[in-house]
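What follows is one structure encoded as structure tokens, with my remarks underneath.
Hydrogens, waters and symmetry mates are skipped; everything else that's a heavy atom, side chains included, is used. By convention in this document, chain letters (A, B, ...) are assigned in the order of the sequence lines, proteins followed by strands, and residues within each chain are numbered from 1.
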There are 2 protein chains.
Amino acid sequence: MKSKITLKELAKLLNVSVSTVSKALHDSPEISPKTAERVKELAKLHNYRPNPVAVNLKKSKTGTIGVVIPNISNSFFARVLSGMEAEAQKHDQQVITYISNESLEREKQICDLLTSGMVDGVLIAVSEETQKKQAYDHLYALLDYDIPVVIYDRINLGLPADKIGVDDEKSFYEATQFFRTKGLHKVGLASAIHHVGIGQLRIKGYEQAMQDEENLHTVTSTKPVDLKSKIRNLIVSEKIEALLCTDFESAILATRVAYEENIKIPEDLKLIGYISREVAQYLTPSLSYIEQHPQELGIKAVEILNNRLDGKYKTGEFEEKIVSTTLVHLESTGF
Amino acid sequence: MKSKITLKELAKLLNVSVSTVSKALHDSPEISPKTAERVKELAKLHNYRPNPVAVNLKKSKTGTIGVVIPNISNSFFARVLSGMEAEAQKHDQQVITYISNESLEREKQICDLLTSGMVDGVLIAVSEETQKKQAYDHLYALLDYDIPVVIYDRINLGLPADKIGVDDEKSFYEATQFFRTKGLHKVGLASAIHHVGIGQLRIKGYEQAMQDEENLHTVTSTKPVDLKSKIRNLIVSEKIEALLCTDFESAILATRVAYEENIKIPEDLKLIGYISREVAQYLTPSLSYIEQHPQELGIKAVEILNNRLDGKYKTGEFEEKIVSTTLVHLESTGF
DNA sequence: CTGAAAGCGCTTACAG
DNA sequence: CTGAAAGCGCTTACAG
């Protein structure tokens with residue numbers, strides 16, 4: 001039970017002033033080596049640690065950054081968080097985590113909390129509901145404050161802030177092209193997130209790559225049952241040769257349909273999904289996927305935030321960075 | 001750009017003292033209704049929010065709790081975190097997240113940070129490496145401080161602290177019994193975490209339930225290749241009828257082996273895994289699993305911590321709670 | 001009912 | 001080289 005010792009108590013024990021102790025511990029050149037040593041020795045003995053709350057008050061900052069995560073069960077975001085935490089550590093910042101659960105209401109509450117000055121900066125991925133309803137008022141309110149905001153992952157919402165995202169459009173363009181160069185032309189796309197920004201970008205990438213094909217084979221729905229039957233149609237009736245899935249749900253449904261219909265992957269159907277490595281490698285067959293490098297995204301998000309905090313960017317001008325994706329081949333593409 | 005207004009500025013604008021403003025905003029009965037109203041009006045107009053750092057300094061607390069997570073990609077822990085965040089919110093506490101990545105070194109650093117008074121309390125699941133090396137000094141150091149610690153999930157390490165865990169032993173006892181009541185007696189167990197506390201408890205549960213059987217069928221290894229071949233042996237040569245897996249890795253390997261050996265699940269082999277719902281339901285076939293209710297565990301962990309902070313427990317006596325598990329049947333058990 | 005003062009634990013410009 | 005003072009933004013016991 002070493003209850004925390006303060007500067008004042010240390011000063012009294014040493015018979016010097018509080019200022020002297022503080023300076024000594026900060027290696028101020030004002031202090032004589034002899035005194036400095038005495039002070040440090042006693043500080044060590046008592047395991048003195050400056051009270052971070054007091055230091056922060058004095059320095060008018062909080063030493064923390066706030067991270068808003070839409071869905072922590074999604075291992076993409078879990079790994080983004082892991083990157084953020086690692087990078088924040090390097091800057092001696094603590095990461096305060098807020099989970100919006102893809103809920104607009106919750107996101108509003110969180111933004112409200114954030115404006116009270118709990119944190120020096122905010123990293124946020126906007127919730128699905130917010131995007132669907134295009135209700136961005138609370139975000140503009142947050143931006144209106146002096147608090148720096150970096151939007152990560154879900155970036156194409158037109159908000160005036162620094163951004164770091166994934167190259168969604170290009171990744172799907174390339175994945176589609178990949179199939180075509182392999183001689184497959186009946187390439188389909190399934191999506192359960194066609195209503196949110198990143199989904200739209202992925203679909204756009206696919207359409208770009210398919211523009212000289214006669215038919216697109218796109219199916220979308222937010223209802224699993226619906227989407228499943230549409231996918232079944234794509235596979236069984238339209239007999240597509242390859243399928244791109246924009247998200248976890250559509251990828252799983254496609255795998256399921258193939259299993260149920262006895263369609264062999266990758267022999268009869270090739271599959272690429274936009275899912276995380278954690279899951280991809282353990283599906284049967286394992287699913288070729290687009291690696292988004294979430295850890296790196298998290299690291300860069302914190303870098304951008306700190307650049308902003310350090311005044312390295314001009315006010316009114318916003319940084320926008322993109323992390324490139326990698327197509328990782330597992331069993332479902334057979335290459 | 002509404003830069004933050006302070007009590008002092010508010011006081012000046014109103015021509016009253018800082019104390020009056022502060023009291024008015026706290027609905028102190030000392031203040032006349034008229035003044036109170038004036039103050040609140042202006043505060044609202046300027047969107048006044050008390051500086052949380054200053055409030056905390058005054059109250060000698062931090063308003064935050066620290067959560068140490070061994071592996072955030074494990075959706076069990078992700079969901080625990082989600083429960084913690086939700087419950088902390090109710091107590092107006094912020095959650096600071098630290099990720100140890102199952103590393104002893106990192107865990108030491110984190111504990112060191114934590115002792116500096118960044119947080120009012122700590123929730124920790126001890127890293128695998130720490131358990132393997134039984135290096136608990138940094139944890140004792142943390143406990144030696146006045147800072148309350150709740151150990152969650154990985155609790156049977158003999159550390160003197162409040163604890164909240166999962167009923168590991170009982171869950172496997174019951175799962176084993178379940179198979180036996182169904183007439184299956186050649187029940188095996190595979191584990192890649194036999195060296196850590198929770199793994200040992202699960203194995204113990206299995207052994208308890210199997211004590212009147214002639215043979216146990218236990219295979220363990222931390223090396224995937226090794227474990228896989230041992231599992232293959234269990235399935236192919238020993239022809240077990242059912243298999244319990246203590247962890248994600250062994251469950252996946254078992255599914256893989258069955259797939260490769262053309263063993264039908266659940267017809268030829270029944271499988272139960274200790275994995276999270278997220279993954280279980282999407283495997284092919286979907287895997288019956290033991291639901292640990294991570295969210296609830298997270299909520300209770302924060303409740304215990306706050307009881308401790310509120311002095312509801314006696315010093316020297318420790319709380320220990322257990323969250324019951326549920327066996328969830330999906331395709332792999334066929335019931 | 002209002003305000004001056006002390007204090008939470010620190011840092012730092014200033015005086016000696 | 002050392003220390004007294006002011007101040008970060010708040011709360012609250014005390015005096016008036």
What is the distance from [atom1] of [X] to [atom2] of [N], rounded to the nearest Å?
X	N	atom1	atom2	answer
A/N15	D/dC1	CG	P	20 Å
A/D27	D/dC1	CG	P	14 Å
B/K12	C/dA4	NZ	C1'	17 Å
A/E9	C/dG7	CD	P	14 Å
A/L14	D/dC1	CG	C1'	16 Å

Ion pair B/K12/B/E9, N-O distance below 4.0 Å: no
A/R106 with B/E85: basic N within carboxylate O range, under 4.0 Å: yes
Which residues share a salt bridge (charged side-chain N to carboxylate O under 4.0 Å, His left out) with A/E129, sequence neighbours left out: A/K133
Salt bridge (charged side-chain N to carboxylate O under 4.0 Å, His left out) contacts touching residues 43-61 of chain A (sequence neighbours left out): A/R49-B/D112
Salt bridge (charged side-chain N to carboxylate O under 4.0 Å, His left out) contacts in which one or both residues fall within residues 92-103 of chain B, not counting sequence neighbours: B/E102-B/R154
Sugar-phosphate, base or nothing in reach of A/P33, heavy atoms under 4.0 Å: sugar-phosphate
Duplex segments of DNA chain C, taken as runs of at least three Watson-Crick or G-U pairs that stay under 3.5 Å: C:1-3 with D:14-16, C:5-12 with D:5-12, C:14-16 with D:1-3
Donor-acceptor contact below 3.5 Å, side chain A/H46 vs main chain A/L42: no
Integer angstrom distance from the P of C/dA4 to that of D/dG7: 16 Å
Letter per nucleotide, 5' to 3', of nucleotides 9-16 of chain C [B base touched, S only sugar-phosphate touched, - untouched; heavy atoms, 4.0 Å]: BBBBBB--
Under 3.5 Å side-chain donor-acceptor pair for B/S100 and B/S103: no
Pair B/Y98-A/Q89, side-chain donor/acceptor within less than 3.5 Å: no
Short side-chain N/O contact to D/dC1 OP1/OP2 from A/T35, under 4.0 Å: no
Name each donor-acceptor pair under 3.5 Å that joins a side chain in residues 67-77 of chain A to protein atoms two or more places apart or in another chain, with its distance.
{"residue": "A/N71", "atom": "OD1", "partner": "A/S73", "partner atom": "N", "Å": "3.0"}
{"residue": "A/S75", "atom": "OG", "partner": "A/S276", "partner atom": "OG", "Å": "2.8"}
{"residue": "A/S75", "atom": "OG", "partner": "A/E278", "partner atom": "OE1", "Å": "3.4"}

Out of C/dA4, D/dT2, D/dC1, whichever nucleotide has its closest atom nearest the side chain of B/S17: C/dA4
